[in-house]
Number of protein chains: 2
Amino acid sequence: MPHRHATASDVARLAGVSQSAVSRAFTPGASIARETRARVEDAARELGYRPNAIARSLTTRRSRIIGVAAAYLQNHFYPEVMEALSRGLHARGYHLLLFTPDAGRDADPQLQEVLSWRVDGLILASTTVSSALASECRAAGIPVLLFNRTSLGTDVSSVTGENLRGGRLIAEFLVAGGHRRLAFLAGIEASSTSRDRERGFAGWLVEHDLPPPLREVGLYDFDAACAAARRLLARPDRPDAIFCGNDHMAIAVAEVARHEFGLRIPRDLSLVGFDDTAPARWPSFSLTSFAQPLQPMVDAAVALICEMIENPAAPTRHEVVHGELVVRGSARIPPEGCVSLGDRLVWRPPRDEA
Amino acid sequence: MPHRHATASDVARLAGVSQSAVSRAFTPGASIARETRARVEDAARELGYRPNAIARSLTTRRSRIIGVAAAYLQNHFYPEVMEALSRGLHARGYHLLLFTPDAGRDADPQLQEVLSWRVDGLILASTTVSSALASECRAAGIPVLLFNRTSLGTDVSSVTGENLRGGRLIAEFLVAGGHRRLAFLAGIEASSTSRDRERGFAGWLVEHDLPPPLREVGLYDFDAACAAARRLLARPDRPDAIFCGNDHMAIAVAEVARHEFGLRIPRDLSLVGFDDTAPARWPSFSLTSFAQPLQPMVDAAVALICEMIENPAAPTRHEVVHGELVVRGSARIPPEGCVSLGDRLVWRPPRDEA
DNA sequence: TTGAAAGCGTTACCAT
DNA sequence: ATGGTAACGCTTTCAA
């Protein structure tokens, strides 16, 4: 028995009021008598009535749904983001329509479907949605927020960590630790995160008249990072320190270095990651990593998308959330600069350079 | 400029047809002349028209949305599930409305909100939604599917791995490996997965006149599992093999065993996990683990929920997806029973017992 | 094959 | 404060 849902009219009939009154009883700021509301609520309870969000959205023209594009869920950073995002949006009365663009393929068709739900906003935490489309949405008047990425030419708001400063700081950290044969393991080269981290890293070196780092590409993928690590570590001029574009790849490199090359970390090889995800804290890796503070980033994203929804005419904003270089055991520790911060050890340049 | 979305009427006007014709042009099986469709499509393209899913859902009374409850996203198993689920549902034309019940708190209010979207189905991949509510949904006629869990008294369909057989097999595996001082690290005790795995494990031991395993509770949580490991490993009668309720906890135990107790795995301690998630394959852990085959489980879930939607009167079903005990290096390997399966080594009892 | 018209379950605007 | 009524944008009869 497909047991039809009760409607506002059903409730109205039972409560002996108009259907409009029922609507008011469920609208926070509406003007309705205490007693009327009570009667409606009783009737609603009896019938198991809940306002139909679909019908409501049709008239209000606000869905209270945010479309969220996520991929790379195998990278520990993103699941944690999803969970926090879901909670944060819920707290503001929004729901989260998830879509996961296929890695290689074009994400735009999927996005079109999400758009057909007239989502109030869009958070793109995945590189594979074309920037063109992102700005197209903006043109169509729907707020778009890039999470943990930015887009080049197009003018779309974003929330990111300090990719550039992080890269610079890590260069300085490794050099202060006495390393001179540095390497960078890029993620997806087209991604802004990878580009910015590399730009910061290589930039600092160049500015200090040091040779540019060796370079391989790991595509933010575990297996690809393993392969890149093999190429890097098999070189005659093997690097003695590698800055990996994220923790996920850093772990891959650590595994290859130890188990295939018999290297000891950090004695033979220093490793620095980015994100400071949970596995970085596991003793086996004890990864020194530039933290992208999850909760602040998510909070910023939620606040920003809500603002954009309330004021669609607002100018685009690029929020950069402050992070720290969290020092653990995977990289040689410079003699100076370590500071204890809460329960973590972080590194700051002895002479203020950052 | 909030640039109003084009509606079917707008398209109709431009194409010189009725609004109904526009609807037909976007309805797969509808009867419409080739030429009419072409004109509609042209007009639609020109106006950037896409049917409004909200309005459509209101009339069809099918949302093509599946509500998915997820939590424990820090356990690597679930993100992978989410991603596969999202793809699988998309392939069938469904969208995924994600909600993440707060761990401790009551998930039911959140679920109510999801229900107000008149979701076509509900997949619960989280223990915190009350079984009572799950069956309430079923009573209300909305298909509910439990993923990686079952519920006790209530009659709700489910997709799970072979928790019971897995537990039994692991007991046999460890005993065949010469272990006698066994322990079980439970997850969330109220969860069916933890209960079934334990029941299989302890049951096999009892049936073979072996003493029951030691027991601690790790709540499927990394830190809690670390604490449990400390209690277990500090005992005078320290176990020489631990079956951990999932990989995530097994890794926690491995970390504590190695880095706090100086134990070597598997020489001093054998460890077996459950799920066979990506980190289990990392050389540092090389975890022997009973595989819950992700893709088959997700495929089964998608197929089952779709069936339930198409035929709500169908009886509840409990699908159990076949898994294998994947042998790696974290547990002593019995002299017999290892079989190569694809690129993995799996264990099967020499005399067929499973 | 096509168009007109009646819903779908709300909210929002009017009067009252 | 309340009830009537017109949208909201679509699908689905029903006639033509």
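Being a predicted model, the structure only gives us computed values, none of them experimental. In what follows, chains carry the letters A, B, and so on, assigned in the order in which the sequence lines appear, proteins first and then strands, with residues in each chain numbered from 1. Worth knowing before you read on, the calculation uses all heavy atoms, side chains too, and leaves out hydrogens, waters and symmetry mates.
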Original post:
Does B/Arg317 reach the main-chain N or O of B/Ser157 with its side chain, forming a donor-acceptor pair under 3.5 Å?
Top reply: no
**OP:** Scan nucleotides 8-16 of chain C nucleotide by nucleotide, 5' to 3', and note B when protein non-hydrogen atoms come under 4.0 Å of the base, S if they reach only the sugar-phosphate, - if neither.
**Re:** BBBBBB---
**OP:** Find out whether B/Leu14 and B/Glu46 are in side-chain contact, i.e. whether some heavy atom of one side chain is under 4.5 Å from a heavy atom of the other.
**Re:** yes
Original post:
Where is the tightest heavy-atom contact between B/Met297 and B/Gln292, given as atom of each residue plus distance?
Top reply: SD-CB, 3.7 Å
Subject >> Option from B/Leu145, B/Leu122, B/Ile309 for which side-chain contact (heavy atoms from CB on, under 4.5 Å) with B/Ile66 holds >> reply: B/Ile309
Original post:
Are any side-chain N or O atoms of B/Ser192 and backbone N or O atoms of B/Thr150, one a donor and one an acceptor, separated by less than 3.5 Å?
Top reply: yes
**OP:** Give, for atom CG of A/Leu97 and atom CD1 of A/Ile123, the distance between the pair rounded to the nearest 0.5 Å.
**Re:** 12.0 Å
**OP:** Evaluate the ring planes of A/Tyr78 and A/Tyr72, with Trp represented by its six-membered ring, and classify them as parallel (under 30°), tilted (30 to 60°) or perpendicular (over 60°).
**Re:** tilted
**OP:** Classify the angle between the aromatic ring planes of A/His95 and A/His90 as parallel (below 30°), tilted (30 to 60°) or perpendicular (above 60°).
**Re:** perpendicular
**OP:** Provide the start and end nucleotides, 5' to 3', of the part of DNA chain D that has atoms under 4.0 Å from heavy atoms of chain B.
**Re:** D/dG9 to D/dT13
Subject >> Global bending angle along the helix from C/dT1-D/dA16 to C/dT16-D/dA1, which compares the axes of five pairs at either end, to 10 degrees >> reply: 40°
Original post:
Looking for any heavy atom pair under 4.0 Å, which part of the strands does B/Ser57 touch: base, sugar-phosphate only, or nothing?
Top reply: nothing
Subject >> Lys/Arg-Asp/Glu bridge criterion (N-O < 4.0 Å) met for A/Glu83, A/Arg87 >> reply: yes
Original post:
Going through the distances and angles, do A/Arg39 and A/Asp42 end up as a salt bridge (Lys or Arg N to Asp or Glu O under 4.0 Å)?
Top reply: CA-CA 5 Å; A/Arg39 283 170 58 190; A/Asp42 285 346; over 6 Å; no
